Amino acid sequence: ALPAWRVAFPVALAAVALAIGAWLRGHGGARTAALVLGGLALAQATLGVVTVITGSHLHVALTHQFGAAALWSCAIAALWWACGNQVPSH
C-alpha cells in the first residue's frame, strides 16, 4: 500500500494548480470556490504533516479529519459552480 503522503501531496498540488487557474481565468462563484479549495488543500496538507510530527495528538488529528470533510465539500461546490450550476439529467 502507498503511504498517505504519496497520495496527499499530489492532490494538494493539483488543488493549488486549480486555484491558480481559477484566479487567472475563473469568474464568480467558481473562481471563489476554487481559490478556497486551493487554500483548504494547503491547510490540509500542513495539518497532515503536523499530525505525523506530533504523533497524532487528538486535537490535531480531529482538526485534520474535519478539514478533510471541508475539503470534500468545497471540491463538490467548486465542481458544481464550474459546471454552470447544472444538475445532470438522467
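Predicted, not measured: the structure shown is a model, and the values here were computed from it.
- When the side chain to side chain contact (heavy atoms under 4.5 Å, CB included) test is applied to I76, no partner is found at least two apart in sequence or on another chain.
- In this structure A45 satisfies the side chain to side chain contact (heavy atoms under 4.5 Å, CB included) test together with F9, A12, sequence neighbours excluded.
- For the atom pair CG of L71 and CG of L47, the computed distance is 11.0 Å after rounding to the nearest 0.5 Å.
- The side chain to side chain contact (heavy atoms under 4.5 Å, CB included) search around V52 returns none, not counting sequence neighbours.
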Using distance only, find each side-chain donor-acceptor pair of residues 58-70 under 3.5 Å and give its atom names and separation, not counting sequence neighbours.
| unit_1 | atom_1 | unit_2 | atom_2 | d |
| --- | --- | --- | --- | --- |
| T63 | OG1 | H59 | O | 2.7 |
| H64 | ND1 | Q44 | NE2 | 3.2 |

Pairs under 3.5 angstrom only: tabulate donor-acceptor contacts from the side chains of residues 33-41 to other protein residues two or more places apart or in another chain.
none

